[in-house]
Structures are given as C-alpha cells and as structure tokens.
Enquirer: 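Okay, here's the structure, questions in a sec.
Numbering of residues begins at 1 and proceeds along the displayed sequence.
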Amino acid sequence: MKPVSRAEKVSFYQKTFLLTLHLLALLLFLSGICLLYGSSGFREGLSWVNPEHYEDSPAFEALLRDRVQQLLGYVRYRDVFETDGKFDADNEVFSYSDGNGAEKLFSVSDVLNYAKEHGYSFDNDYRVIHDDAAPGGDGQTYPITWRAYRETQKASGPGSAFKTLDTMTREVMQCLGDYYRGVKLFNTGNSNLYYFLQIEGRKDYTNRPGLTDAQARSFGRYAIFSSDNPLPNNNLPETPNKIRSLLLDEIASRTAEYHLILAVDTNYPLKDAFYQGVLDYAKQRAHYAYGLALLLSGAGLMIVSFLLLSFLSGRRGRGSREVFLFPFDRHRFESNFLLLSLLCAVANFLANQVIARLLRLILPSGYWDFSEKLLFAAIVYLFFLIFYFSVLRTYKAGQLWQNSFLRELTDKLKNRAKDVSFAQRITIYYLIFLLANLAGATSVTLLLHGKSLNARLEALSLALLLCILDLWLYQHLYQKQAENDEIASAISTLDAEPDRSERLLDPAHFHGREAKLASTINNISNGLQRALNDSVRSERMKAELITNVSHDIKTPLTSIINYIDLIRRAHPSDPAVQKYVDILEKKSQHLKTLTEDLVEASKASTGNVQIDPVKINFVELVEQTNGEFEERFEERSLTLIPTLPTEPLYIFADGQHLWRVLENLYNNACKYAAANSRIYAEVSAEEGFVSFTLKNISASALNISPEELTERFVRGDRSRTTEGSGLGLSIAKSLTELQGGTLDIQIDGDYFKARVRFREVSD
C-alpha cells in the first residue's frame with residue numbers, strides 16, 4: 001500500500017475543514033431563511049430593512065381595521081344590550097312563534113337563565129363554552145320572527161328561519177360575548193384608539209367625550225369619515241377605503257348622515273394591542289435583521305468554501321497534478337446522475353415520512369409546508385454536492401467526456417453521418433427549410449385572418465409561391481448534391497484502388513464547376529497511376545541491387561572469415577600478428593552482420609517476409625529477452641529494471657520475427673545507453689492493447705528526429721564511434737508493422753523511449 005505523504009495529509013485536513021465549514025454555512029443559511037420566513041416582513045423583501053415606523057406598516061393597518069370592525073360590532077350591540085348607556089338584562093333580543101301561532105319574546109335575562117340551566121357559559125375571553133354533562137333542550141325547532149342584533153325593529157311577520165332554543169341561546173351569547181369584549185377594549189380606559197361615531201337617528205358613541213376633528217389630528221394617526229365628504233381625511237399610509245365600507249355596512253343605509261372620528265395616540269401611553277404591536281414589530285424587525293445577517297454570512301461562507309473545495313477536489317496535495325478518483329467517480333456520469341436522483345427521491349420520501357412528521361409536532365401548522373419545502377431543498381443540495389464534486393474530479397482527470405454515454409452516442413451519430421449521402425443530407429436540410437417556409441406562410445395567413453377576402457387570397461398566393469420556390473430550389477440542390485455524391489464515390493474508388501487505369505468520371509454528365517472537378521479527378525488518377533508504377537519499379541530495383549550486392553559480398557567474406565580462422569589455429573608467436581587477427585575477425589563479423597541486415601531490411605521493407613502469427617505470451621517473451629541480455633548489460637555497467645505484470649498478456653505475432661524486434665531494441669540500448677545508467681523495460685495492457693516500452697538515457701544527446709532514426713542507414717551516433725549498421729530500428733519497425741503492430745519512438749535530449757504495441761487477445 002502506498003504510504004500517505006505529508007502533503008496528502010494536509011490536503012485531507014483542508015478538505016475536511018472546508019467541507020465542515022460549508023455544511024455549517026449551509027446551516028446558517030437555512031437558519032437565516034427560517035428567521036426571515038417567521039418575520040412579518042418576509043414578503044416585503046429587502047425593502048423592510050429600510051427605516052420604517054410601526055404606524056406605516058401593514059401590521060398597524062391590519063390591527064386598525066380589525067379594531068374598527070370590532071368597534072362597529074360593539075356599537076351595534078350597545079343598542080341591543082344597553083339602556084341609557086348601561087347594560088339592561090330586560091332588553092328583548094329575539095322572538096319566536098310557538099306551535100299555537102303565539103309570539104314569544106326572549107329577553108337577555110331569559111337567555112342567561114336558559115343558558116345557566118343547560119350548561120352554557122363564558123371563558124375568560126368571553127367565548128361561549130358548553131358543559132356536555134348539562135341537560136339538553138327539548139330539541140324542537142321554532143320559526144324565529146325577530147332578532148334585535150340583526151335589525152332595529154321587529155319583523156312584521158314570521159321569518160323563514162327555524163332554530164332550536166339551544167341554537168338561539170348560543171347565538172345570543174356569542175353576540176353578548178362580542179359586546180363584553182367591546183366594553184373591555186373601548187370603554188375601560190385601556191385603549192390607545194379613540195373614536196367618536198355619530199349616526200343620523202341614533203345616539204352618539206365615543207370613548208373620549210368631546211373628541212373633535214382638531215383633537216384627532218393632534219394624535220399620531222387619525223382618520224375622519226363624513227357622509228358629506230366622499231374623501232377620507234386621514235394621515236394613514238394607505239387610503240382606508242375598507243374602513244368606510246365597514247362603516248356603510250353597519251349603517252345599512254346609503255342616505256343616512258354619519259360622522260366617524262378615529263385617532264390612535266402613537267405615544268402609546270396604555271398597554272393595549274397597539275402598544276404590544278409596537279413591541280412585536282420591533283422584535284420582528286430584529287429577527288429579520290438577524291435572519292438577513294445569517295443568510296448573507298452563510299451564503300458568503302458557502303461560496304468561498306465551495307470555490308476552495310472545487311479547487312482542491314481530486315488533488316492529492318499542493319502542487320500535485322495527480323487526480324484521485326473514488327470508485328464512484330469511475331462510473332459514467334449519466335448513470336451516477338440517475339443513481340443519485342433515485343437516492344435523493346428515496347431520501348426525500350423517508351424525510352417526509354419521519355423528519356417532517358417530527359417537525360409537525362414542534363412547529364405551528366402555518367410552518368409545515370415551508371419546513372417540508374426547506375427540508376426537500378436541503379436534501380437536494382446535499383446530493384447535488386456529491387454529484388458536482390464527482391463530475392469535477394472526473395473532469396480534472398480528463399475522463400468526463402471520454403467515459404460518457406453522450407460521447408458514445410455522438411461517435412455513433414458521426415459514424416452514421418459518414419454513410420449518409422450528400423443527397424440524403426440536403427433532403428433533411430430542405431425539409432427543415434420547408435417547415436420554416438410553411439411556418440412563415442402560416443404566420444402570414446394567421447396575421448391576415450379575419451380581414452377581407454382579398455387579404456386572405458393574397459396570403460394563400462404567398463404560401464403557394466413559397467412552395468413553388470422551395471420545390472425549384474430542392475430540384476436544383478438535389479441535382480448538385482447527386483453530382484457531388486458521384487464525385488465522392490470516385491474519390492473513394494481512387495483511394496481504395498490507386499492503380500486503377502480506366503477513367504473514373506465522365507465530365508459530360510456534370511455541369512459547372514462539378515464538370516471541371518470531374519476532369520481534375522481523372523487527371524489525378526492518371527498521374528497517381530504513373531507515380532505508383534515509377535515507385536514500384538524503383539523499389540524493386542533497389543531491393544534487387546541490395547540482394548545481388550549482398551550475395552556477391554558473402555562469397556569473398558566467407559573466405560576471409562575461414563582464412564582468419566586458419567591463421568588463429570596456427571597460433572602465431574608474434575603478439576602483433578595475434579592482435580591483427582583479432583581485429584580482422586571483429587571487423588569481418590561486423591561486415592557479415594551488416595550484410596545479413598541489408599538482406600533482411602530489404603525483405604522487410606518490401607514485405608517479402610513469411611509471417612506465421614500465433615498466440616504468444618508477450619510477458620514471457622520479454623522475460624526471456626531480459627535473461628538473454630542480462631550479461632551483456634552487466635559488461636557495459638547497465639542496470640536493467642523490468643516492470644512486468646504477474647498475469648500473462650497474449651497477442652498474435654510471429655515468434656521469430658517478434659524476437660528479432662526485441663533483440664534489435666535491446667541491442668540498440670546496449671550500444672548507445674550511457675554507462676552506469678538504468679534501462680527500464682515495461683509491459684502493460686491499456687484500452688485493448690499490449691504495450692512494451694524500453695527507456696534509457698543515451699551516452700550523447702540525440703540531435704535527430706524519431707522519424708529519421710527509423711530510416712535505413714541512420715544512426716543516433718552521428719560520429720560513428722560505435723559499431724552498428726543503422727538498420728536495427730528500421731528492421732524492427734518494418735517487422736512490427738508486418739505483424740500488425742506499431743513501433744513508436746520518442747526523443748527528448750538524451751532521453752530515448754521505444755514503444756511496441758499489439759492488440760491484446762483473450763485467454
């Protein structure tokens with residue numbers, strides 16, 4: 001297992017810290033949203049941050065409207081339950097008709113007595129409650145002929161409503177409860193809202209005797225409504241039209257004269273609902289400010305940590321270019337997206353079934369929908385982070401596009417597009433063009449729809465003209481593209497059969513520039529045929545020359561080698577003669593090798609080599625080659641460092657010729673590698689290919705290109721201080737290609753790298 005470096009540890013701690021910071025920032029961000037949502041100014045946006053008084057807020061307007069509605073109800077109930085300004089239990093509140101047709105009246109005291117007998121009472125807020133253990137009424141329904149709290153005079157005849165006495169008792173007690181609350185709100189000296197109401201034909205109502213229009217204007221906020229002025233006199237932030245509507249509904253007469261004065265003491269000397277509203281408003285603004293601060297700080301930290309995590313993601317340490325991928329990242333990003341989407345849906349389902357129900361036990365019902373949406377957004381964001389950083393790491397590794405379904409689909413479409421003729425392609429283009437024209441004609445028709453008959457005929461004529469024009473254009477383009485198809489077919493034939501001698505195209509079948517292009521292709525075909533014949537003739541002559549010269553050299557060279565051997569067997573006593581014999585033997589063997597290389601290079605370059613491919617374990621062959629050259633490398637103080645896989649890798653090749661390729665590469669390294677250096681031999685499998693790589697440092701700089709180095713009679717040692725024919729790499733390259741492989745050479749200064757690749761075959 002590879003040891004973890006200090007840079008990797010530091011990078012891991014940095015990523016952990018930034019991820020923790022990002023999640024904490026997300027928590028701050030969500031907390032800020034919750035505080036903003038819980039604030040009454042949530043829907044006002046950033047405008048609520050601007051300095052604003054409570055009296056200018058919608059909360060003040062809503063409370064004033066609610067209080068006016070309660071006030072008008074209280075005024076109505078005062079006429080019902082009071083006599084001369086005092087509560088009177090003897091006031092009659094409703095009547096009903098009994099079974100004999102007689103009308104019976106119920107007073108307030110009758111209702112209270114009935115309520116006492118049947119378990120009806122008030123709570124502390126004057127809400128009607130009922131004791132289920134109390135005896136119920138007779139359950140009989142009676143026609144209600146009159147209600148004091150719904151009209152000011154008795155009805156002239158029986159009404160159509162049938163109700164039980166229990167229902168009427170509850171109804172009257174609800175009105176009585178509203179009356180008591182009105183007394184508590186407006187007539188106990190505990191309200192910062194002052195009013196004066198004067199209605200024609202009725203008594204005046206006020207909780208501040210002597211309140212005038214001028215006095216109302218001395219308070220912080222006021223509104224004055226009068227029947228002789230359709231416009232309200234007020235200093236409220238919005239025109240109080242709803243208050244006037246409530247007032248007119250209460251008066252129930254559009255002709256009656258009225259005068260209403262409303263005033264709110266904005267110093268709030270009394271601790272009523274307006275006073276509490278000021279405190280709540282300040283608290284809500286503070287919550288909104290806190291929420292906004294949390295939201296902005298959380299968003300800022302999220303952005304910073306997100307950018308830093310994006311920079312560090314996939315890197316093992318500072319300055320490292322290596323990208324680390326998790327097993328999850330190695331899958332196609334489309335499949336990862338689908339998997340994470342499915343997991344996200346499952347997580348949201350479980351969250352709705354568990355966490356959302358727990359939140360409903362804690363939060364008010366008004367926050368349930370918001371909390372579920374926020375929970376959904378948080379889960380989606382967490383899964384987005386997982387997917388984003390996986391895609392980012394894959395992108396940094398350069399595998400995002402290569403390892404994707406989209407790339408495969410694109411490649412397939414490109415391959416299919418190569419088989420689509422020009423005529424078919426122009427047909428597709430034209431169909432698109434035709435649809436656009438039809439859409440234009442339709443637009444013109446719709447534009448003129450509903451106008452005169454002449455306009456419609458003009459639109460129809462325009463559509464027909466466009467169709468005729470399109471058909472003519474299609475015929476012209478199709479003819480041109482058909483000619484292009486024929487030209488493309490001729491070019492393909494010329495590429496596949498360069499030695500074809502007959503004329504490929506008949507210029508008489510073409511028009512315009514296509515006819516000139518057809519003639520040019522015919523001329524190219526003729527010129528290519530002549531050049532090909534000359535090239536074949538030249539190569540044949542060179543091969544025959546090399547073969548003949550090599551054969552002529554072999555005969556005297558064999559005699560020289562034999563006589564050198566006879567001289568050595570004679571054991572000459574003169575040391576100088578012995579030295580000369582050694583030199584002659586060395587040079588003759590070199591000349592013999594050169595002659596054999598010439599013949600083999602000639603055969604390899606012309607393809608005149610018998611190839612018998614079989615299934616070969618490339619790893620085993622390289623191991624044998626390493627053993628063969630081990631002693632030779634030691635003689636030159638070279639260290640061979642092999643990197644071979646433990647499992648076999650198979651290819652199809654000719655064993656004898658493949659051995660010659662490896663032998664030439666190892667010989668080249670042995671001759672030209674710097675003394676006391678290392679030679680690296682590696683076998684690996686990648687993308688369906690088996691690669692053998694041999695790397696070494698040359699004794700001198702290689703001021704030559706890789707292409708020149710694989711030519712015949714070219715050596716990296718231009719000074720020719722080492723022995724060699726300059727044919728080794730050329731022979732290796734030719735033999736490799738004849739067996740279906742490739743030989744690539746890379747040179748960088750004194751760095752030399754040769755790579756042989758064959759397609760891998762299965763066991």
Side-chain angles (χ1 to χ4, degrees), residues 15-49 52 54 57-63 66 123-125 127 129 273 276-306 309 328 336-391:
K15 294 174 187 175
T16 304
F17 170 75
L18 289 174
L19 180 59
T20 305
L21 179 64
H22 189 79
L23 294 178
L24 290 176
L26 175 63
L27 186 61
L28 287 178
F29 182 80
L30 296 178
S31 301
I33 292 179
C34 291
L35 284 176
L36 292 178
Y37 183 81
S39 170
S40 61
F42 176 73
R43 291 176 176 80
E44 297 183 36
L46 293 177
S47 63
W48 209 51
V49 180
E52 183 183 64
Y54 170 63
S57 68
F60 175 85
E61 181 185 357
L63 179 59
D66 180 68
D123 60 9
N124 292 334
D125 197 31
R127 305 293 178 185
I129 57 177
Q276 188 62 40
V278 173
L279 299 180
D280 292 342
Y281 184 75
K283 187 183 298 183
Q284 291 289 338
R285 286 179 63 85
H287 286 172
Y288 192 88
Y290 295 150
L292 189 60
L294 288 176
L295 185 143
L296 294 178
S297 59
L301 287 175
M302 284 176 65
I303 293 173
V304 173
S305 58
F306 183 83
L309 279 172
F328 176 78
N336 287 345
F337 175 78
L338 294 176
L339 176 62
L340 289 176
S341 299
L342 178 62
L343 293 177
C344 182
V346 172
N348 275 297
F349 174 77
L350 295 177
N352 285 331
Q353 295 299 316
V354 180
I355 301 177
R357 295 188 178 185
L358 292 177
L359 291 176
R360 290 191 176 192
L361 298 176
I362 302 172
L363 301 176
S365 59
Y367 291 84
W368 290 356
D369 184 61
F370 171 76
S371 63
E372 291 176 3
K373 290 181 180 178
L374 197 64
L375 181 63
F376 171 79
I379 293 175
V380 170
Y381 181 74
L382 293 177
F383 277 93
F384 161 77
L385 287 181
I386 298 174
F387 178 71
Y388 167 78
F389 285 113
S390 174
V391 170

Enquirer: Salt bridge (Lys or Arg N to Asp or Glu O under 4.0 Å) with Arg127: which residues, sequence neighbours excluded?
Expert: Asp125

Enquirer: Minimum heavy-atom separation for Arg357 and Asn352, please, with both atom names.
Expert: CG-O, 3.9 Å

Enquirer: Working to the nearest 0.5 Å, report the span between CD1 of Ile303 and OG of Ser305.
Expert: 9.0 Å

Enquirer: So do Leu18 and Val304 actually touch side chain to side chain, heavy atoms under 4.5 Å?
Expert: no

Enquirer: Return the CG to CG distance between Leu21 and Leu301, rounded to the nearest 0.5 Å.
Expert: 5.5 Å

Enquirer: For residues 338-345, dump all side-chain donor-acceptor pairs below 3.5 Å to protein atoms at least two apart in sequence or in another chain.
Expert:
from: Ser341; atom 1: OG; to: Phe337; atom 2: O; distance (Å): 2.7

Enquirer: Could you grab the distance from atom OG of Ser390 to atom CD1 of Ile386, nearest 0.5 Å is fine?
Expert: 9.5 Å

Enquirer: Any side-chain heavy atom of Val391 sitting closer than 4.5 Å to one from Asn336?
Expert: no

Enquirer: Among residues at least two apart in sequence or on other chains, which ones pass salt bridge (Lys or Arg N to Asp or Glu O under 4.0 Å) with Asp369?
Expert: Lys373

Enquirer: Find the distance between CD1 (Ile379) and CZ (Phe349) and round it off to the nearest 0.5 Å.
Expert: 12.5 Å

Enquirer: Can you tell me if Phe384 has over 12 outside heavy atoms packed within less than 6.0 Å of its CZ?
Expert: yes

Enquirer: Over all heavy atoms of both residues, which pair between Leu28 and Gly298 is shortest? Give the atoms and the distance, please.
Expert: CB-CA, 4.1 Å

Enquirer: Mind listing the closest non-hydrogen atom pair of Ile33 and Phe370 along with its distance?
Expert: CG2-CZ, 3.6 Å

Enquirer: Looking only at heavy atoms, which two atoms of Leu374 and Cys34 are closest? And how far apart?
Expert: CD2-SG, 3.4 Å

Enquirer: Between Met302 and Phe29, what is the shortest heavy-atom contact and its length?
Expert: SD-CB, 3.8 Å

Enquirer: About how many Å separate CG of Leu358 and OG of Ser371, when rounded to the nearest 0.5 Å?
Expert: 11.0 Å

Enquirer: Would you indicate whether the side-chain heavy atoms of Lys15 and Phe389 approach each other to under 4.5 Å?
Expert: no

Enquirer: Could you tell me whether the side chain of Phe306 reaches within less than 4.5 Å of the side chain of Leu385, counting heavy atoms only?
Expert: yes

Enquirer: Under the 3.5 angstrom rule, does the side chain of Thr20 hit a backbone N or O of Thr16 as a donor-acceptor pair?
Expert: yes

Enquirer: If you draw a 6.0 Å radius around OH in Tyr290, do more than 12 non-hydrogen atoms from other residues or ligands fall strictly inside?
Expert: no

